[in-house]
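Note sheet for the following structure.
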Amino acid sequence: MKGNIKVVVSTKKLRYELNLRRNITIIQGDSATGKTTLIQIINDYLSSRTGPGTDVICKKKCAVLSGDLESVLIRLERLSDTIVFANEQEHFLYPKRFAAAVLKSDCYFVFITRDDLHTLPYSVNEIYCLKNSGYYQNTRQVYNSLHQIYPESQVHDMIAPTMILTEDSVGYQMFHAICAENKISCASAAGKSNIASYLLSNKNDRIFAIVDGAAFGADIKSVTHALTINTRSYIWTPESFECLILQSGIFHEETLQKILNSPSEYIESDNFSSWERFFTRLLE
């Protein structure tokens, strides 16, 4: 599956609109924000347990996963080109076997969970909360839509870091060379899971951390917390180092800009577990 997919879920009193851009979308948020209600409406609709006024509109098939891990894996093998929903109460979300099945699937997945799913590579840009946006048009439906929890921050002042921190060895060589020219320290965290602890261990440094946002979703919460303590530092989450190179102007392929402007229209979910891998293949 590829492209932007819109899902509209509605009852006489509620309306949800979801715009899905990649293979994994995470919906977080506090209790009583409508997350479980969304899943329940979809599940009841698909099971023909709803009355007039309830509808699920999507150009793709929809499914809700529930049950034990073995039965879910069997069902997932039979699903194709489908929007798949799962709630945080389901224990199958966390084992590596389920993650492996997700990453080889051609479906889009919507996981409603407040927990970080470290077995899956998902983007910081695809972590949302549901927000009540008032009433929908001229109806009495309460309108709920997705809002990014970690939108890309806009920094208007010049940043003068004392250190550049890269996620791992990818990109380190280039940034190390840039830092040497500008007499700035450069270090590799040796893995995305180490970024937060590095920020906390070096609170006196003004660190500019650069990570691959396309697969950093499970770690962004801990890093955001670390930045509330190390307030002198910043994090930048471009899609990937390879994407930065493709955006740099070095290449002049005719279709490259079209791909960079609308990646979701070109990235098949079953071929690439994250956009980072797609951009690596494209660069190669």
Side-chain angles (χ1 to χ4, degrees), residues 22 24 26 28 114-129 147-251 256 260-261 263 273-280 282-284:
R22 21 185 144 191
I24 298 174
I26 304 293
Q28 297 182 343
R114 285 168 287 188
D115 296 327
D116 300 320
L117 301 178
H118 288 280
T119 56
L120 289 168
Y122 55 94
S123 169
V124 297
N125 296 320
E126 306 306 329
I127 304 175
Y128 299 91
C129 63
H147 291 255
Q148 282 184 318
I149 294 180
Y150 304 102
E152 186 171 350
S153 59
Q154 301 296 319
V155 179
H156 300 287
D157 297 326
M158 182 69 73
I159 297 174
T162 58
M163 174 181 288
I164 298 294
L165 179 65
T166 64
E167 181 179 327
D168 49 35
S169 59
V170 178
Y172 171 77
Q173 185 176 7
M174 187 192 80
F175 286 115
H176 183 268
I178 293 172
C179 289
E181 290 180 1
N182 292 276
K183 297 181 173 56
I184 301 172
S185 298
C186 185
S188 168
K192 60 184 179 180
S193 60
N194 298 323
I195 296 288
S197 59
Y198 198 100
L199 291 169
L200 292 173
S201 300
N202 297 273
K203 289 183 287 187
N204 294 326
D205 290 320
R206 187 181 295 110
I207 298 171
F208 189 54
I210 304 172
V211 302
D212 294 336
F216 201 75
D219 295 278
I220 189 64
K221 185 189 296 183
S222 61
V223 170
T224 301
H225 173 70
L227 290 174
T228 65
I229 299 172
N230 185 343
T231 57
R232 294 159 51 87
S233 296
Y234 297 86
I235 186 169
W236 183 30
T237 59
E239 288 289 343
S240 68
F241 173 72
E242 292 81 8
C243 186
L244 286 178
I245 297 299
L246 290 167
Q247 293 172 332
S248 67
I250 294 173
F251 303 100
L256 178 58
L260 293 174
N261 288 339
S273 58
S274 74
W275 284 13
E276 177 186 8
R277 295 196 173 189
F278 170 80
F279 287 123
T280 299
L282 183 61
L283 178 59
E284 291 171 348

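A quick note: this is a predicted structure, and the numbers were derived from the prediction, not measured.
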Closest heavy-atom pair and its distance - Ile164, Pro161: CD1-CG, 4.1 Å
With rounding to the nearest 0.5 angstrom, report the CZ to CG distance, Phe208 to Leu165. 11.0 Å
Asn204, CG: over 12 other non-hydrogen atoms inside 6.0 angstrom: no
Non-hydrogen atoms of Gly217 and Ile220 that approach each other most closely: O-CG2, 3.2 Å
Give, for atom CD of Glu276 and atom OG1 of Thr280, the distance between the pair rounded to the nearest 0.5 Å. 5.5 Å
CA sep, side-chain torsions, deciding dist, call: Val223, Lys192, side-chain contact (heavy atoms from CB on, under 4.5 Å): CA-CA 10 Å; Val223 170; Lys192 60 184 179 180; over 6 Å; no
Shortest non-hydrogen pair, Asn194 vs Ala189, comes out as ND2-O, 3.0 Å
Other residues, nucleotides and ligands only: do more than 12 of their heavy atoms fall within 6.0 Å of CZ on Arg277? no
Would you call the rings of Tyr172 and His176 parallel, tilted or perpendicular, taking 30° and 60° as the class edges? tilted
At what distance, to the nearest 0.5 angstrom, does SG of Cys243 lie from CG of Leu260? 5.5 Å
Thr162 side-chain N/O to Asp205 backbone N/O, donor-acceptor pair under 3.5 Å: no
Would you indicate whether His147, at its atom NE2, is surrounded by more than 12 heavy atoms from other residues, nucleotides or ligands within a distance under 6.0 Å? yes
So Ile149 and Lys221, do their side chains get closer than 4.5 Å, heavy atoms only? no
Spacing of Leu227 atom CG and Ile235 atom CD1 [to the nearest 0.5 Å]: 6.5 Å
Verdict with reasoning, Ile127 to Gln28, per side-chain contact (heavy atoms from CB on, under 4.5 Å): CA-CA 7 Å; Ile127 304 175; Gln28 297 182 343; 3.6 Å; yes
Evaluate the side-chain contact (heavy atoms from CB on, under 4.5 Å) criterion for residues Leu256 and Leu282: first the C-alpha distance (whole Å), next the side-chain angles of each, then the deciding distance (0.1 Å), finally the verdict. CA-CA 9 Å; Leu256 178 58; Leu282 183 61; 3.9 Å; yes
Which atom pair, heavy atoms only, marks the closest approach of Cys186 to Cys179? CB-SG, 3.7 Å
Main-chain N/O of Val170 paired with Asp168 side-chain donor or acceptor, under 3.5 Å: yes
Where Ala214 and Ser274 come nearest, the two heavy atoms and their spacing: O-CB, 4.1 Å
Give the C-alpha distance, both sets of side-chain angles, the deciding distance and a yes or no for side-chain contact (heavy atoms from CB on, under 4.5 Å) between Lys203 and Ile229. CA-CA 8 Å; Lys203 289 183 287 187; Ile229 299 172; 3.6 Å; yes
Determine whether a donor-acceptor pair (N or O, by modelled atom type, separation under 3.5 Å) exists between the side chain of Ser185 and the backbone of Met163. no
Whether Asn230 side chain and Asn202 backbone form a donor-acceptor pair below 3.5 Å: yes
How long is the straight-line distance from CG of Leu200 back to CD1 of Ile195, given to the nearest 0.5 Å? 11.5 Å
Reported CD1-to-CG distance for the pair Ile210 and Leu244, which is rounded to 0.5 angstrom: 7.5 Å
Quick one: do Gln148 and Tyr150 satisfy side-chain hydrogen bond (donor to acceptor under 3.5 Å, both in side chains)? Show the steps, please. CA-CA 5 Å; Gln148 282 184 318; Tyr150 304 102; over 6 Å; no
Quick check: closest heavy atoms across Ile245 and Ser248, and the distance to 0.1 Å? O-OG, 2.5 Å
Heavy-atom check, side chain of Glu181 versus side chain of Ile178, under 4.5 Å: no
Can any side-chain N or O of Tyr122 pair as donor or acceptor with the backbone N or O of Leu117 at less than 3.5 Å? yes
